[in-house]
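Scope of the values below: all heavy atoms of this structure, side chains included, with no hydrogens, waters or symmetry mates. Positions are given from 1, in the same order as the sequence printed here.
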Amino acid sequence: NETLNVVEVVELALDIFNEDYIEFQSDEAQIISKMDRSQLVRIVNNLVKNAIQAIPEYQFEKSVIVSVKKENSYVQISVYDNGTGIDDETAERIFEPKFTTKTSGMGLGLGIIKNIIENYKGTITFETVLGKGTTFTVSLPLIKQ
């Protein structure tokens with residue numbers, strides 16, 4: 001674990017994606033927390049990759065918005081997409097290991113990042129509207145200054 005600027009690490013994590021419709025937002029230049037940098041990058045990469053894949057290829061207006069903000073004693077990382085949304089049946093199983101709706105991959109991503117987040121005493125939640133999109137929100141405790 002290291003003390004790091006979550007805003008900076010999340011923004012850098014987005015550099016691997018080539019999609020021009022990915023937008024990054026943060027009201028603050030610095031939100032400091034203590035965690036493993038590679039674990040934070042893994043969380044962001046997984047959520048952004050899922051968001052991109054949730055938007056149908058044929059969809060004209062594509063949008064993925066990644067935002068970082070401070071909320072009480074937590075840093076919140078939200079990943080929004082304007083894709084297909086998540087149906088109730090899928091929503092119930094979404095964090096189960098080996099569950100996937102995709103043709104490739106092993107369905108381990110969300111289960112693994114949920115474990116990482118919970119190991120840091122954080123939470124991951126999502127809100128979805130079928131046909132409109134989904135927002136995943138990760139809350140991680142800030143270090144006490």
Side-chain angles (χ1 to χ4, degrees), residues 1-57 59 62-129 132-145:
N1 286 352
E2 57 183 305
T3 303
L4 46 82
N5 178 0
V6 177
V7 177
E8 185 180 63
V9 174
V10 170
E11 195 167 14
L12 285 171
L14 297 178
D15 284 349
I16 69 159
F17 296 100
N18 299 321
E19 289 75 8
D20 56 3
Y21 55 84
I22 297 175
E23 188 183 326
F24 177 74
Q25 300 174 343
S26 181
D27 296 339
E28 301 180 54
Q30 273 200 331
I31 300 173
I32 305 299
S33 190
K34 192 176 190 125
M35 67 181 297
D36 183 302
R37 175 183 298 267
S38 62
Q39 301 284 46
L40 180 57
V41 168
R42 188 175 195 175
I43 291 166
V44 173
N45 285 347
N46 183 277
L47 291 175
V48 172
K49 197 169 82 181
N50 286 353
I52 291 166
Q53 292 173 345
I55 303 171
E57 196 62 45
Q59 187 168 312
K62 298 181 182 189
S63 177
V64 173
I65 301 169
V66 181
S67 62
V68 179
K69 69 178 183 183
K70 203 183 286 187
E71 194 69 44
N72 302 321
S73 57
Y74 287 83
V75 57
Q76 279 190 345
I77 304 162
S78 294
V79 178
Y80 159 83
D81 69 72
N82 68 341
T84 54
I86 301 168
D87 63 47
D88 290 346
E89 196 177 318
T90 302
E92 285 174 27
R93 302 186 59 199
I94 202 150
F95 295 111
E96 279 179 25
K98 298 191 175 71
F99 175 75
T100 184
T101 58
K102 300 173 192 164
T103 52
S104 67
M106 306 203 359
L108 296 174
L110 283 173
I112 289 173
I113 67 167
K114 186 177 199 283
N115 283 347
I116 294 168
I117 293 160
E118 289 175 350
N119 284 342
Y120 285 105
K121 308 281 183 264
T123 60
I124 179 168
T125 58
F126 66 95
E127 291 175 14
T128 188
V129 179
K132 296 267 190 225
T134 303
T135 303
F136 276 86
T137 303
V138 173
S139 292
L140 295 163
L142 293 167
I143 54 171
K144 305 283 181 276
Q145 299 294 348

K132 meets the salt bridge (Lys or Arg N to Asp or Glu O under 4.0 Å) criterion, sequence neighbours left out, with none

Hey, does [Y] have a side-chain heavy atom less than 4.5 Å from the side chain of [X]?
{"X": "R93", "Y": "K98", "result": "no"}
{"X": "L110", "Y": "L47", "result": "yes"}
{"X": "N1", "Y": "Y120", "result": "yes"}
{"X": "V138", "Y": "V44", "result": "no"}
{"X": "Y74", "Y": "T123", "result": "no"}

Value rounded to 0.5 Å, distance of [atom1] in [X] from [atom2] in [Y]:
{"X": "T137", "Y": "Y80", "atom1": "OG1", "atom2": "OH", "value": "13.0 Å"}
{"X": "T135", "Y": "D81", "atom1": "OG1", "atom2": "CG", "value": "7.5 Å"}
{"X": "S63", "Y": "I55", "atom1": "OG", "atom2": "CD1", "value": "6.5 Å"}
{"X": "L140", "Y": "K121", "atom1": "CG", "atom2": "NZ", "value": "12.0 Å"}
{"X": "T90", "Y": "E92", "atom1": "OG1", "atom2": "CD", "value": "9.0 Å"}

Under 3.5 Å, which donor-acceptor pairs link side chains of residues 32-43 to any protein atom two or more places apart or in another chain?
from, atom 1, to, atom 2, distance (Å)
S33, OG, P141, O, 3.0
D36, OD1, S38, N, 2.8
D36, OD1, S38, OG, 2.5
D36, OD1, Q39, N, 3.2

Residue pairs involving residues 47-56 (criterion side-chain hydrogen bond (donor to acceptor under 3.5 Å, both in side chains); sequence neighbours excluded)
N46-N50, N50-K102, Q53-K102

Acceptor/donor pairs from residues 13-26 side chains to any protein atom, 3.5 angstrom cut, sequence neighbours excluded:
from, atom 1, to, atom 2, distance (Å)
E23, OE2, Q25, NE2, 2.8
S26, OG, E28, N, 3.3
S26, OG, E28, O, 2.8
S26, OG, V68, O, 3.2

Which atom names give the shortest non-hydrogen contact between Q59 and K62, and what distance separates them?
O-CE, 3.1 Å

How close do G85 and T128 get, heavy atom to heavy atom, and via which atoms?
CA-OG1, 3.3 Å

Would you list the atom pairs, donor with acceptor, under 3.5 Å between side chains in residues 3-11 and any protein atom, with sequence neighbours excluded?
from, atom 1, to, atom 2, distance (Å)
N5, OD1, V7, N, 3.1
N5, OD1, I31, N, 3.1
N5, ND2, A29, O, 3.0

Does CD belonging to E89 count more than 12 external heavy atoms closer than 6.0 Å?
no

When you look at I113 and F136, which way does the side-chain contact (heavy atoms from CB on, under 4.5 Å) test go after all the steps?
CA-CA 12 Å; I113 67 167; F136 276 86; over 6 Å; no

Looking at residues at least two apart in the chain, or sitting in another chain, which of them share a side chain to side chain donor-acceptor pair (under 3.5 Å) with N119?
none

